[in-house]
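First the structure, in the form of C-alpha cells, and then the observations on it.
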Amino acid sequence: MTEFPVLPRDFTFGVASAAYQVEGAVNEDGRGRSVWDTFCDKPGAIAGGESGAVACDHYHHYREDVALLKVLGVDSYRFSISWPRILPTGAGAVNAAGLDFYDRLVDELLDAGIEPTATLFHWDTPQSLEDRGGWTGREITEHFAAYAGIVGERLGDRVARWMPLNEPNVVTMLGYAIGNHAPGRSLGFEALPVVHHLLLGHGLATQALRAAGCREIGIASNHAPVWPASPEPQDVEAAQFYDNLWNWMFADPVLLGRYPVEGTEQGFPTYRDGDLPTIAQPLDWFGINYYNPARIGAPGLAPDSSQLDGAELPPGLPFEARRIEGYERTDFDWPIVPDGLAQIVRTFRDRYAAQLPPLYVTESGCSFHDDPVDGRVRDPRRIAYHDAHLRALADEIRDGADVRGYFAWSATDNFEWAAGYAERFGLVHVDYRTQVRTPKDSYHWYRDLIAHTRANGTQS
Ligand code: IFM
C-alpha cells in the first residue's frame, strides 16, 4: 500500500463550508432573517436548542480561517453566500455591507493563493420569501436568478467556480416533505413541486451568472447508491422508486432535460413549456456530494430512519430505509462505505455517458467527536475516511473517470443543522466557547497529501 492515494498532480483539493453553518453574525450589518433563524427558534427543532447565531463566528474570524486554509495548502475553498445578507428580504434593495463581506473574503482567499468556489444557495432562504410560499411557488425562481446576477456582477471576475444550488434533494425531502430541516414543512409528496422550482431556479441562476460573465458553473448534488434490501421483487421495486426520488429526479433534468419518470412535470401545477430546457443549461462540471449509500426495502419491517438524517419518516411511504450492516460507522452513526463513492461515479458515467461534464466531489466527510487533548486532536478515523474515499476515487480516475477534485466536508467543525454542534465534521476543531481553532491530525494529513500529490502525482 502506498503512503497516500495516487492522484493526478493537477487534482483540485479543497474544503467546503456553508454560510449558516459557520458565519454567525446573524443580526449584523443589515443581514435579513433566513428560514434557519426562524426554524432554530422553534422549541425542539434543533438538538440542544442550538442555532447558527454565532456558530464559528467566521464573519469576524474569516482572516484567521483563510490563514489556516493557506497553511493547509488547498487549491480551493468552497463557501456559500448568504442570500439574506445580500438581499435582506430576498428581493429588492441590495445590502451593500453583505456584498462587501464576500468581496473581502474572496480577496483574502486570492491573496492566499486559494481559488474561491461559491455556492449561492446552501438552504438559507430569506424568510420574507418563505412567507410567500418559498420554494413551493414559482415566484422565488425569478428572485433567485436576480440574486445570482447581483452576486455574479460583483464577484464574477474573481470567483473560479460557481454553483447555484447545494443539495436540492435534501431541501426538498428534509425541509419541505418531512420537516426536520427549515422551513419545517411536512408536506409529504405534496412537496414535489419544490423539486421543479429548485431546478428551475438553478437553470435561471445559471443563465444569470453566465450573463454576468461568470465561468465554471456547476451544481452540488447529493447522491447515494441505492442498494435493494434483498433481491426480492418488492424490495427491488421499492429501491428503484427511492433511487428515482433521491438521485435521478434531481440529476436527470439537469443533465438530460427530462424527469426520470415520463410526464412527471405535467403533475406540477406551475410547469410551463420551456422549463426543462432552462433547467438543462449546459454545465461546466457536475458536483457530487457523497456520504453513504442507502439500503431500501419495501415497507413493512422496522425502518432505520438514520438513512434520512435521523428524520422520522411519515407512514404510508412505498419504501423504507434499512440499516446497512457490516461497515464501520461514524459517530453520527453513518456507515462508512468508500466503495459507494466509486459506485456512484460509475453510475453517473454509465447513465449520462457523453452528456456528463467533468465531475467534482463537492463534499464528502465524517463526524467524529474527538476533542483536543493537550492541544492536539487525534482523529485517525477521519484520516482513514478521507484516505479510503480518495483511494476509491483514484481507482475510478485510473479507470477513465474525469473527476477533477475533492472538497472535504468540512474546513472547520460547524453547526450541523438539526443535530446542532454535537457533530464535528471539520479538519479543524472549533471550541465554540472561546472560538479557538485547533487543526486536527487530519488537517496535517490532508496538508501532507496535497504537498505529496503536487510533487509525486500522476500526469493527467
Ligand atoms: O453539513 C452538511 C452540509 O451542509 C450539506 N451536506 C451534508 C453535510 C453533513 O451532513
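Any value given below was found using the heavy atoms of this structure, including those in side chains, with hydrogens, waters and symmetry copies removed. Read the numbers this way: they start at 1 and go in the same order the structure lists the ligands and their atoms.
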When you check the gap from the basic side-chain N to the acidic O, do R158 and D103 get nearer than 4.0 Å?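 The answer is yes: the pair qualifies as a salt bridge.
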T125 side chain to W135 side chain, donor-acceptor N/O pair below 3.5 angstrom: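 Yes, because at least one side-chain N or O of T125 sits under 3.5 Å from a partner of the opposite role on W135.
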Could you tell me whether the side chains of N166 and N289 share a donor-acceptor contact shorter than 3.5 Å?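 Note: N166 and N289 side chains meet the donor-acceptor criterion.
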Output every pair passing salt bridge (Lys or Arg N to Asp or Glu O under 4.0 Å) with a member in residues 14-28, not counting sequence neighbours, ordered by first then second residue.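 Output for this query lists E23-R85.
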Heavy-atom pairs closer than 4.0 Å: do any link ligand 1 to the side chain of F332, the backbone, both, or neither?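 The answer is neither.
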Using a 4.0 Å heavy-atom threshold (strictly under), name the region of E167 that reaches ligand 1: side chain, backbone, both or neither.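 Only the side chain of E167 comes within reach of ligand 1.
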Subset of ligand 1 atoms that lie under 4.0 Å from at least one heavy atom of [X]:
| X | value |
| --- | --- |
| H122 | 3 (C), 4 (O), 5 (C) |
| E363 | 3 (C), 5 (C), 6 (N), 7 (C), 8 (C) |
| E416 | 1 (O), 2 (C), 9 (C), 10 (O) |

Would you check whether F415 reaches within less than 4.0 Å of ligand 1, judged by its heavy atoms?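 Not so, F415 does not reach ligand 1.
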Indicate yes or no: does an N/O atom of N222 lie under 3.5 Å from an N/O atom of ligand 1?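 No: no nitrogen or oxygen of N222 is under 3.5 Å from one in ligand 1.
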Would you tell me which option among W417, Y290, Y20 has the nearest heavy-atom contact to atom 2 (C) of ligand 1?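 Looking at heavy atoms only, the winner is W417.
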My understanding is that only one of V74, L72, L427 makes a side-chain contact (heavy atoms from CB on, under 4.5 Å) with R447; could you say which?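 The residue from V74, L72, L427 that satisfies side-chain contact (heavy atoms from CB on, under 4.5 Å) with R447 turns out to be L72.
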Under the side chain to side chain donor-acceptor pair (under 3.5 Å) test, residues paired with Q207 that sit two or more places apart: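 By the side chain to side chain donor-acceptor pair (under 3.5 Å) rule, Q207 matches no residue at all.
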